[in-house]
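This report concerns only the one structure given below.
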Amino acid sequence: MIMVKTALGLGGAYLLLVGFVALMQRGLIYHPDATRTRPDQAGLPEMVPVSIKTADGWMVTSWYAPPKSSGRPTIVFFHGNSGTLADRAHKARAFLDAGFGVLLAGYRGYGGNAGSPSEQGLYADAEAAVGWLTGQGVPARRLVLYGESLGSGVAMEMAIRRQLMMLVLECPFTSLADLAPAYVLPPLAQLLTRDRYDNLYKASSLRMPLLVVHGDKDSLVPVSMGHAVLNAAGSVKEGLFLPEAGHNDVWEHGAGQRIIDFITRRSQ
């Protein structure tokens, strides 16, 4: 009887823990920084803030600079789950110096934007950003989608919705459910995850060139997930796996120039 009571008590505690995770999961996924910064303050004086209205009525601020020549592509950059656009200034700087146009896409709830992030909300923000660019006369065939970590799920969704130029994924996961805490059993994780960003499932539908960049020492998103997404892709594809890089430092291990080389080669 004591063992039964103990088992029931442990089972009840486990269910409470899982229920807490299920209710609070968006707070665990998204870590928005509300700081509002100007592009020039981040070392990007040629970029300008642009306010873009989403289909569900939110105004979201992104940063934009056109390419140096009409033949160069424009990078649509979707960042990860924390920080602001300013934290990606060094990546934008490298793309701009290479002559590319750049749109650092803003998200609801981040960087002083109103609203709260969610999977469908970020997809709406991304759709609005891509639509704004094409509305400015930027040809869809000259747009490169770039997804960083959580942003890999946003970029992947745009890649299967639209026929654009190419897709670059930095440290992509297979799905958020696969990154659930170890104490949430896999079947429960699949059932309870509200925001999924199912990159592995969508990869087979890709019809544009893909580059996957991942650090072998990534402790947040296992490099095996990057390999799985790359292997599942139904398109021309390349992988860049960096032996000494982790999750947030692939650019410090030489990824930036390799990405620029890939985009330049595939855009000619």
Review point. Just by distance, with hydrogens left out, do Ser175 and Asp178 show a side-chain donor and acceptor under 3.5 Å apart?
Key: yes

Exercise for review: Return yes if a side-chain donor-acceptor contact under 3.5 Å exists between His247 and Ser149, otherwise no.
Suggested key: yes

Check your understanding: So, Lys237 side chain and Asn231 main chain: donor-acceptor pair closer than 3.5 Å or not?
Key -> yes

Check your understanding: Between Val212 and Gly226, what is the shortest heavy-atom contact and its length?
Key -> CG1-O, 3.7 Å

Review point. Same hydrophobic cluster for Val144 and Leu133, using side-chain heavy-atom links shorter than 4.5 Å among ILVMFWY?
Key: no

Point to revise | Heavy-atom check, side chain of Thr61 versus side chain of Val50, under 4.5 Å | key: no

Point to revise | Any donor-acceptor N/O pair, Asn113 side chain to Gly109 backbone, under 3.5 Å | key: no

Check your understanding: Taking C-beta and beyond as the side chain, do Arg142 and Ser267 meet within less than 4.5 Å on heavy atoms?
Key -> yes

Check your understanding: How about Tyr197 and Glu119: does a side-chain donor come under 3.5 Å of a side-chain acceptor?
Key -> no

Exercise for review: Check the pair Val138, Leu143 against side chain to side chain contact (heavy atoms under 4.5 Å, CB included), reporting the backbone distance first and the verdict last.
Suggested key: CA-CA 8 Å; Val138 181; Leu143 293 181; 3.5 Å; yes

Check your understanding: Do the two ring centres, one from Phe95 and one from Trp63, sit under 6.0 Å apart?
Key -> no

Exercise for review: Work out which heavy atom in Ser152 is nearest to a heavy atom in Asn199; give both atom names and the distance.
Suggested key: OG-ND2, 3.1 Å

Review point. Is there a side-chain contact between Pro117 and Tyr107, using heavy atoms and a 4.5 Å cut-off?
Key: no

Check your understanding: Once the angle between the rings of Trp132 and Tyr64 is folded into 0 to 90°, is it parallel (under 30°), tilted (30 to 60°) or perpendicular (over 60°)?
Key -> perpendicular

Exercise for review: Using atom types as modelled and distance alone, determine if a side-chain donor or acceptor of Arg258 lies under 3.5 Å from a backbone N or O of Leu240.
Suggested key: no

Point to revise | Polar side chain donor-acceptor pair, His214 to Asp218, under 3.5 angstrom | key: yes

Check your understanding: Between Asp97 and Arg93, does a salt bridge (charged side-chain N to carboxylate O under 4.0 Å, His left out) hold up when you go through it step by step?
Key -> CA-CA 6 Å; Asp97 289 346; Arg93 178 76 275 151; 3.1 Å; yes

Practice item. Let me see the working for Tyr30 and Leu122 under side chain to side chain contact (heavy atoms under 4.5 Å, CB included), right down to the final yes or no. Key: CA-CA 11 Å; Tyr30 305 102; Leu122 265 56; 4.2 Å; yes

Practice item. Please state whether the rings of Tyr110 and His79 are parallel, tilted or perpendicular, taking 30° and 60° as the class boundaries. Key: perpendicular

Revision key, fill the gap. Scanning both residues in full, the closest heavy-atom pair of Pro49 with Pro39 reads CG-CD, 3.8 Å

Review point. Quick check: are there more than 12 heavy atoms from other residues, nucleotides or ligands sitting under 6.0 Å from CZ of Arg161?
Key: yes

Exercise for review: Decide yes or no for Leu167 and Ser235: does some side-chain heavy atom of the first lie under 4.5 Å from some side-chain heavy atom of the second?
Suggested key: no

Check your understanding: Same cluster or not: are Ile263 and Met158 linked, directly or through other Ile, Leu, Val, Met, Phe, Trp or Tyr residues, by side-chain heavy atoms under 4.5 angstrom apart?
Key -> no

Exercise for review: With the side chain counted from C-beta on, respond yes when Leu96 and Leu44 share a heavy-atom pair under 4.5 Å apart, and no when they do not.
Suggested key: yes

**Study point:** Exam field: side chain Arg36 to backbone Gly112, donor-acceptor pair closer than 3.5 Å
**Key:** yes

Check your understanding: Between Val102 and Met47, is a side chain to side chain contact (heavy atoms under 4.5 Å, CB included) present by the stated rule, with each step listed?
Key -> CA-CA 8 Å; Val102 178; Met47 299 195 80; 3.9 Å; yes

**Study point:** Side-chain heavy atoms of Leu176 within contact of Ile29, under 4.5 Å
**Key:** yes

Check your understanding: Sub-3.5 Å donor-acceptor pair from the side chain of Glu170 to the main-chain atoms of Gly147, do we have one?
Key -> no

**Study point:** Main-chain N/O of Glu157 paired to Arg162 side chain as donor or acceptor, under 3.5 Å
**Key:** no

Revision key, fill the gap. Only one of Thr54, Val154, Val130 passes side chain to side chain contact (heavy atoms under 4.5 Å, CB included) with Asp125, and that residue is Thr54

Review point. Heavy atoms, side chains only, cut-off 4.5 Å: are Met208 and Met165 in contact?
Key: no

